[in-house]
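Here's the structure we're looking at; comments come further down.
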There are 2 protein chains.
Amino acid sequence: MPTIAIEDYLKCIYLEEQQGKKGLVPTGQIATALSVAPGTATAMVKTLSDSGLVHYEPYSGVQLSEAGRKLAVHVLRRHRLVELFLVQVIGMDWSEVHEDADRLEHAVSDRLIARIDEMLGHPTLDPHGDPIPTASGVVAESNHPNLVNCDLERPHQIARITDQAAEFLRLVERHGLRPGNRLSVLSRDEHADAVRLLSKDAGEVSLGFRAASKILVQPL
Amino acid sequence: MPTIAIEDYLKCIYLEEQQGKKGLVPTGQIATALSVAPGTATAMVKTLSDSGLVHYEPYSGVQLSEAGRKLAVHVLRRHRLVELFLVQVIGMDWSEVHEDADRLEHAVSDRLIARIDEMLGHPTLDPHGDPIPTASGVVAESNHPNLVNCDLERPHQIARITDQAAEFLRLVERHGLRPGNRLSVLSRDEHADAVRLLSKDAGEVSLGFRAASKILVQPL
DNA sequence: TTTGATTTTTTGATTACTCAAAATTATGAA
DNA sequence: TTCATAATTTTGAGTAATCAAAAAATCAAA
Ligand SMILES: [Mn+2]
Ligand SMILES: [Mn+2]
Ligand SMILES: [Mn+2]
Ligand SMILES: [Mn+2]
């Protein structure tokens, strides 16, 4: 049985692989993402490599093996189903479920997760718009534009928020930018690093490019 | 923050203190209850003692300190609320929630447990009839008779099952002896180690004294 | 009260995870 | 190409939890 730490590392590597362009995830990136010392990540990566869960190229980085990917996706499934459960059944706010899910993902049994999946009607998206992997490990791919590269002055619906940090989600929530809400991008100014939006919910809002790129949308 | 192991030891000591008559719980009893080697329990007991969570008398045993009791009761509250939640909201069977609760009790946040408590209407008993400690740490005491010492040929209602072992609960369930059900004790034979019952649900049943003593009842 | 059995503690190790700081390797600008 | 900088790995160490087996203490008969 994988330990909690191993599950967290695998999930982290999976997520870094997704957004990063190159094939290999450097150990330093893992260390930063998990808030551990660089040497700690290196040590764990060796353990994972010895267990056949990653392919490790010293001084380059790691890549999940097939076994590692399977495990990571399973953890991610539990995480996202738990998040949705906390929102829909428990009534927690979508912007504050991540921390709880990060602990519960290691404690829920297969039996329990199957019941939750059933209760929620086999959902495909979590409260942040992230895809929920299927029980067999399939993750739906999607390529929504974000607020930096989508069309200007065109109605869009928020599809996904790709940053789970509580502070960021609270900001997003404060500006009425929760998934499902409608908006259009009024203008962008690269020099000022500003994206001006018109949100159906909260009126005019201005975001930096960094923040704007984390909000994925779907044209209507 | 206490580790998962420490929470499990404290909960265990609390439970052993409840049923055992003497004041001190021997380390060997803890080791047996938690399925660890005797030396492991001794080592942990010293750690707990150093943290001021128990009073430790070498070669005699331990007793929870006030701080230890408070923590233990908190864990127990989480455990029992989670059990009831799994039965009432998730729809799991009362005889199979213990294992899940034993892991979830370390992963649910105060926020989440407060919501669960609210959803369930501030319940006082878990699915096994065990009292749920209040948020402030008060545990309702009750002294129900059991099937060994209750009146003969008198209608009773099952109040509590004081053994969480899955095999035992499945047996109890199979004989229709779930909390709330009605029965009367027909006869007892000490030499044959047999207690004969008439259950409203499952007709005539025979139990050994050991098993019968774990089923607490309330005269009607 | 002696002694044999039982219980508990001690000892010596192991696994898992972590850090700080030193050593090494890679990278990119001059 | 060379060298300073940055990233990575190695080293040495510590905490937490565990076990097997030896040693010590307690208990219960005889
Ligand atoms: Mn986690
Ligand atoms: Mn999510
Ligand atoms: Mn537990
Ligand atoms: Mn219970």
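Here the structure is a predicted model, which means the values were calculated and not measured. In what follows, every chain begins at residue 1, and chains take the letters A, B, ... in the order their sequences are listed.
Regarding B:L48, its CG atom lies at a distance of 15 Å from the C1' atom of D:dT15, rounded to whole Å. Taking atom CD of B:Q29 as the reference point, atom P of C:dT6 lies 18 Å away to the nearest angstrom. Distance, B:D8 CG to D:dA16 C1': 14 Å, rounded to whole Å. To the nearest angstrom, P of C:dT7 lies 15 Å from CD1 of B:I30. Straight-line distance from the NZ atom of A:K46 to the C1' atom of C:dA16: 15 Å, rounded to whole Å. Atom-to-atom, CG of A:L34 to P of C:dC19 comes out at 10 Å; the value is rounded to the nearest Å.
With C:dA26, C:dT10, D:dC19 as the choices, the nucleotide that has an atom nearest any side-chain atom of B:A37 turns out to be D:dC19. With C:dT9, D:dA17, C:dT10 as the candidates, the nucleotide lying closest to the side chain of B:M44 is D:dA17. The nucleotide whose nearest atom lies closest to any side-chain atom of A:P38 is, among C:dT8, D:dT8, D:dT10, D:dT8. Out of D:dA24, C:dC17, D:dT8, the shortest distance to the side chain of A:P26 is found at D:dT8. Side-chain proximity of B:T42 to the nucleotides C:dT10, D:dT10, D:dT18 is greatest for C:dT10.
Using a 4.0 Å cut-off between charged side-chain N and carboxylate O, A:R196 and A:D189 make no salt bridge. Under 4.0 Å is where a charged nitrogen must lie from a carboxylate oxygen, and between B:E96 and A:R111 at least one such pair does.
A:T27 comes within contact range of the sugar-phosphate backbone alone, with a heavy-atom separation under 4.0 Å but no base atom that close. A:G39 comes within 4.0 angstrom of a nucleotide base, judged by non-hydrogen atoms across all strands. Among the atoms of the strands shown, only primed sugar atoms or phosphate atoms (P, OP1, OP2) are found under 4.0 Å from some heavy atom of B:T3.
Figure legend. D:dA28 is base-paired to C:dT3; pairs are counted as Watson-Crick or G-U wobble with both atom distances under 3.5 Å.
No side-chain donor-acceptor contact under 3.5 Å links B:H122 and B:E118. Side-chain atoms of B:W94 and B:E173 include a donor-acceptor pair closer than 3.5 Å.
A:Y56 has a side-chain polar atom (N or O) that falls below the 4.0 Å cut-off from OP1 or OP2 of D:dT9. An OP1 or OP2 oxygen of D:dT18 is reached within less than 4.0 angstrom by no side-chain nitrogen or oxygen of B:T40. Put simply, A:Y59 has no side-chain N or O that comes within less than 4.0 Å of OP1 or OP2 on D:dA6.
Along DNA chain C, the nucleotide nearest to B:G61 and the one nearest to A:I6 differ in position, and the one closer to the 5' end is contacted by B:G61.
By the 30° and 60° cut-offs, the orientation of the rings of B:H98 relative to B:H128 is perpendicular.
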